Asks: 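What follows is a single structure, and I will ask about it in a moment.
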Amino acid sequence: MSRTSVKDDPAPVTGSFEVADSSLRRRLSFTQLLLLGVSAQIGSGWLFGVLAAAGVAGPAAILSWIIASVLVFLIALTYLELGAMLPRSGAIVRYTYLTHGSLSGWIIGWAYWLSVVSIPPIEAEATLTYLGGKFPGTGFLTTVQGVDVLSWPNGILAGFGLTALFFVLNFFGAKFLAESNKWVTLWKIALPTLTFIFLFFILKGQNFTSYGGFAPLGVPPIFHAIATTGIIFSLLGFRQALDYGGEVRNPQRNVPLATIGSIVIPAAIYTLLQVAFIGAINWADMGLKQGAWDQLVKGGWADGPLFHALDSANIAALAALGVFLLIDAAVSPLATGWVYLGTAARTGYGLGVHRNIPKAFTRNNRFGIPWLPLVVSAVVACVFFVPAPSWYQLVGFISSAAVLTYIMGGAGLPVLRRTAAALNRPFRLKWYQFWSPVSFLAAVLILYWSGFSTLANVFTATFIGLPFFTAYYAWRRGWIKAVPSAVISIVFFALWIWVAIAGGWVLTTGGGQRPGGWPFPFYFVVFCALVIAFCAAVWVFSETEGRKHVTANWWLIWLLLASMLVGYLGVYGPLKHPVLGFPWGMVVEVLVGLVAYLWAIRSGFATDEIKDILAAAEQEAKPTAPSDR
């Protein structure tokens, strides 16, 4: 028998899945849950996203918001059933374990954690950029290649301080977070609404048609803007209703309703803000020539787009609103930052429940908060200030890492319909055979629109988590012996760092390649060979149980590696003459996604975790025997 099998493990994964959730106190109402989702979306996105999107797509950025809202709704459809059926804290991470096992669960969980732990720093960057632009004496900002970034030491250290504030607010519990967040969210809804209403009074119709037309940069940028300028970043907050699902009253009803509301309200606000901002653009005040859409990020409004739009009108009422907007530049991002630091902690909690990381990560403080993952998340969040000290630099990475995790709704729902048919489904998605692949492909297309440079960074950061799975989880479960586990982990980690540095495609400025880097064909072959060799080595040296989990993961490896190649060859890659022009790159990516989807639903299996949940549900459904009197 293995050293720590499920049967003899004193704290088995299957048992802990159910028990651990009970330690998080269920006390959030529907209104609180809805406001958490809305608050998570109306953060820095409304302060900077409208300028960034217009800089990529011009006036057609309005279409980008509309298309993105529809895609997010399609992605969320599958999670409505999952969230009502299995409300869990850290839900997005944990569903993958139920359908495709621990290796897929670890990859998705790691990517998800990277996406949420990087949101507190980007929200802090938003606040400091607005304040630094208005008050240059603070020394928060410096200019690098025409873009405002946080300076050292003033800006970076101020970012560390705000992250510490997020930590303190989260440490004292979800109820404290929700109560304080309620009034903040109402403010965050009211001020953007007033802003687009006021900006409509100075709207210039020629901005929509006179400078190159409605789509001056072409059709492909409309989709590129969705993934890279903060649009999808701003609209994915519906997941808060899932991440806090284990802490809400009546989750079967409240989770689906809060999820839908978390999409509809921000989508309407953002779309109207984009219309108002484009109409309010004053090219002379920006210091740009008329129609220089692709230079907006380097213009004079980049450090506070909506504030400058209001201020440039020279109307007293608009200027007064601008003062409130400066206040909101602190309130909105900071509220979003503290919500997402809590999400990062619950993601770590979810990984701890499945024993991918030590059990200590599931222990809660007296306020019902998993304190150790909160500490780790706060520390790691501070690291992101160094390589990406600008909102505009970090937003694409966060968006793509987050979208990567959302493929699991479409892939997981059909599997759970097969392996957990007996579970109660308060919300049952009709025609799921159609909506599941649509949901899956919506997320896959957003990945493609991210562009090759972003995908190279996201996938490099995602796969660097693989050796931690082998060194801790696989070895601890007894699937693989200590020596091969250590060798595989150390060798892969060292080679992966070498490829990232020598390849020259990661952490580059402007999305290109560093001088002296490897040619792409060689880089891609080595990149793929390392990932495939790692999974193959784990399969070879693992026992039967471990091999089952590796086998269920191959579809995900295919999707990520194939998407990276399509991204390089397509219009969002570095080639001056793309092999896959528009829209053929999208067509090929859809085909890649269809193969992955069919492979995924075939690979899913009845994991020990889902068996345990089914057994618990069956036991709970049994009628209680009458007591003897």
Side-chain angles (χ1 to χ4, degrees), residues 39 41-59 61-62 64-65 122-123 125-135 140-141 147-148 184-185 187-204 207-208 225 229-231 233-235 266-288 293 295-336 390-392 395:
S39 179
Q41 296 185 85
I42 305 179
S44 60
W46 90 274
L47 296 171
F48 292 96
V50 290
L51 181 138
V56 170
I62 298 167
S64 301
W65 285 100
I122 200 175
E123 299 300 330
E125 287 172 353
T127 295
L128 297 173
T129 299
Y130 252 80
L131 297 180
K134 178 60 177 176
F135 306 107
F140 288 159
L141 300 179
V147 178
D148 289 330
V184 171
T185 303
W187 162 281
K188 291 169 67 174
I189 292 173
L191 194 59
T193 302
L194 287 174
T195 299
F196 70 67
I197 291 173
F198 275 48
L199 287 178
F200 276 129
F201 286 104
I202 58 171
L203 188 143
K204 306 176 185 70
N207 282 344
F208 296 93
T229 65
I231 293 178
F233 161 77
S234 300
L235 294 175
I269 291 174
Y270 277 120
T271 303
L272 291 170
L273 273 171
Q274 186 70 69
V275 173
F277 175 76
I278 290 173
I281 286 177
N282 185 324
W283 296 100
D285 194 71
M286 282 187 172
L288 299 173
W293 297 103
Q295 297 299 308
L296 286 182
V297 174
K298 297 181 179 181
W301 287 12
D303 58 10
L306 294 169
F307 170 78
H308 288 296
L310 292 167
D311 189 57
S312 67
N314 293 319
I315 300 175
L318 271 65
L321 182 60
V323 174
F324 285 100
L325 195 143
L326 278 177
I327 297 173
D328 187 73
V331 174
S332 287
L334 295 186
T336 302
S390 164
W391 189 94
Y392 298 106
V395 69

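By convention here, the first residue in the shown sequence is residue 1. Since this is a predicted model, take the numbers as computed values, not measurements.
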Asks: I'd like to check Phe140 versus Thr127 (side-chain heavy atoms, cut-off strictly below 4.5 Å). Are they in contact?
Replies: no
Asks: Name the atoms and distances for all side-chain donor-acceptor pairs under 3.5 Å in residues 313-320, with sequence neighbours left out.
Replies:
none

Asks: Applying ring-ring contact (aromatic ring centres under 6.0 Å, His included), name anything that partners Trp46, two or more places apart in sequence or on another chain.
Replies: none
Asks: CG of Leu47 to OG1 of Thr129: how many Å apart, nearest 0.5 Å?
Replies: 10.0 Å
Asks: Can you measure from CG (Asp148) to CD (Glu125) and round to the nearest 0.5 angstrom?
Replies: 12.0 Å
Asks: Which pairs of donor and acceptor atoms, one on a side chain in residues 192-200, lie under 3.5 Å apart (sequence neighbours left out)?
Replies:
from: Thr193; atom 1: OG1; to: Ile189; atom 2: O; distance (Å): 2.7
from: Thr195; atom 1: OG1; to: Leu191; atom 2: O; distance (Å): 2.8

Asks: For Ser390, check side-chain contact (heavy atoms from CB on, under 4.5 Å) against everything at least two apart and list the hits.
Replies: Val147, Val149, Tyr392, Gln393
Asks: Out of curiosity, Leu273 CG to Ile62 CD1, how far, rounded to the nearest 0.5 Å?
Replies: 11.5 Å
Asks: Shortest non-hydrogen contact from Leu296 to Leu51?
Replies: O-CD2, 3.7 Å
Asks: Considering residues at least two apart in sequence or located in another chain, which fulfil the side-chain contact (heavy atoms from CB on, under 4.5 Å) criterion with Ala126?
Replies: Ser44, Phe48, Pro333, Trp391
Asks: Tell me whether the count of non-hydrogen atoms from other residues, nucleotides or ligands lying under 6.0 Å of CZ in Phe324 goes above 12.
Replies: no
Asks: Atom CG of Asp311 and atom CG of Leu306: how far apart are they, to the nearest 0.5 Å?
Replies: 12.5 Å
Asks: Restricting to non-hydrogen atoms, name the atom on Ala309 and the atom on Ser312 that form the minimum distance, rounded to 0.1 Å.
Replies: O-OG, 3.1 Å
Asks: Identify, with sequence neighbours excluded, every residue that meets side-chain contact (heavy atoms from CB on, under 4.5 Å) alongside Ala225.
Replies: Val56, Ala57, Ser64, Thr229, Ile231
Asks: With sequence neighbours left out, which residue pairs that include part of residues 268-278 fulfil the side-chain hydrogen bond (donor to acceptor under 3.5 Å, both in side chains) condition?
Replies: Trp65-Gln274
Asks: Tell me which donor-acceptor pairs under 3.5 Å the side chains of residues 277-287 have, and how far apart each pair is, sequence neighbours excluded?
Replies:
from: Asn282; atom 1: OD1; to: Ala284; atom 2: N; distance (Å): 3.2
from: Asn282; atom 1: OD1; to: Asp285; atom 2: N; distance (Å): 3.1
from: Trp283; atom 1: NE1; to: Asn207; atom 2: OD1; distance (Å): 3.4
from: Asp285; atom 1: OD2; to: Trp301; atom 2: NE1; distance (Å): 2.7

Asks: Evaluate the criterion side-chain contact (heavy atoms from CB on, under 4.5 Å) for residue pair Lys298 and Leu288; output intermediate values, then yes/no.
Replies: CA-CA 9 Å; Lys298 297 181 179 181; Leu288 299 173; 5.9 Å; no
